[in-house]
Amino acid sequence: MKQLFRIVLTLLALMMSAPVSAAVIGTYLQDYGRGQGRIDPQGADRLGGQFVRVQENRPVADLFYASFNFSNLAGAVIDSIALTLTYDSAGPARNSAEIWQVNILGSQPGNINSDYNGILFDSASPQTWTLSAATDSLTNDAFSAALSNLSLGFTFDEIGTQGTDNFRLYSAQLVVNGTAAVAVVPLPAPGFLLLGALGGLGLMRRFKSGRATA
């Protein structure tokens, strides 16, 4: 009987355990432009059919800004966050001084020192930047800020001298890696039936044992 109980308890543990997701736990995509299903990001940039032409020579309030919200992953253990941009005409190209960088925002908006910054290379598009605890430093805290807010925001800076604003951004994708929160799974109905049957077997055994000693 004890052996039977051990087997049943093992089965119940397997039934109640929730699967734990690993690696990619969230993927989010933004396609920019005027086309169907595409979005117009914040800022006064020029929209094409399948892209947004990012403009630098604008008041601060009119500059490009976009963000991803991943609050649906609250409770998860997040190991890293990867931002992938698909674009062209951002430089640096031969005989061109137009050079753009992405600023993945840290905890101090407007302070570029708290951001994670990466240079855009046309030849690398689609280009990915991966943030983790290892990429944070004494000043740059973009990864920590993203975890704290469960969101990631980014802007762009034109750091070259030509400034022709040819940079066209087609899409941005955010991939969150880690371990998903473990959900509590209620005991299925068969589990209750199994426990009830075991209880009945126990009562029958006691009844037979009592009759044998009478």
Rounded distance (nearest 0.5 Å) linking atom CD1 of Ile78 with atom OG1 of Thr179: 10.0 Å

How far does CD of Gln101 sit from OH of Tyr116, to the nearest 0.5 angstrom? 11.5 Å

With side chains defined as the heavy atoms from C-beta onward, is the minimum distance between Thr130 and Ile81 less than 4.5 Å? no

Roughly how far apart are Ser114 OG and Asn103 CG, rounded to 0.5 Å? 9.5 Å

Can a donor-acceptor pair be found, under 3.5 Å and without considering hydrogens, that links the side chain of Asp122 to the backbone of Gly91? yes

Is any side-chain heavy atom of Asp157 less than 4.5 Å from a side-chain heavy atom of Asn117? no

Would you mind writing out the side-chain donor-acceptor pairs for residues 61-70 within the sub-3.5 Å range, not counting sequence neighbours?
unit_1 : atom_1 : unit_2 : atom_2 : d
Asn69  : OD1    : Ser71  : N      : 2.8
Asn69  : OD1    : Ser71  : OG     : 2.7

Trp100 vs Phe167 aromatic rings, parallel, tilted or perpendicular, using cut-offs 30° and 60°? tilted

Minimum side-chain heavy-atom gap Gln173-Leu83 below 4.5 Å: no

Flag the pair Ile104 / Phe143 as yes when at least one side-chain heavy-atom distance between them is below 4.5 Å, and no otherwise. no

Sequence neighbours excluded - salt bridge (charged side-chain N to carboxylate O under 4.0 Å, His left out) pairs with any residue from residues 80-90: Asp88-Arg168

Apply side chain to side chain contact (heavy atoms under 4.5 Å, CB included) to residues Val54 and Asp165 and explain how you reach the verdict. CA-CA 7 Å; Val54 182; Asp165 290 347; over 6 Å; no

Glu158 side, atom CD; Ile99 side, atom CD1 - distance, nearest 0.5 Å: 7.5 Å

Going by atom types alone, do Gln50 and Tyr32 pair a side-chain donor with an acceptor below 3.5 Å? no

If you measure only the distance, is there a donor-acceptor pair under 3.5 Å linking the side chains of Asn113 and Thr139? no

What distance do Asp136 atom CG and Ser144 atom OG have between them, rounded to the nearest 0.5 Å? 4.0 Å

OG on Ser151 to CG on Leu174, rounded to 0.5 Å: 10.0 Å

Quick check: do Tyr170 and Leu85 have side-chain heavy atoms less than 4.5 Å from each other? no

Any side-chain heavy atom of Tyr28 sitting closer than 4.5 Å to one from Asn72? yes

Would you say Val52 and Arg46 make side-chain contact, with heavy atoms under 4.5 Å? no

Under the criterion side-chain contact (heavy atoms from CB on, under 4.5 Å), which of Leu147, Leu105, Val176, Leu131 is the partner of Leu152? Leu131

Dump the intermediate steps for side chain to side chain contact (heavy atoms under 4.5 Å, CB included) on Gln127 and Trp129, then the final yes or no. CA-CA 7 Å; Gln127 190 172 356; Trp129 295 265; 3.3 Å; yes

Verify whether one side chain among Thr128 and Thr84 offers a donor that lies under 3.5 Å from an acceptor in the other. yes

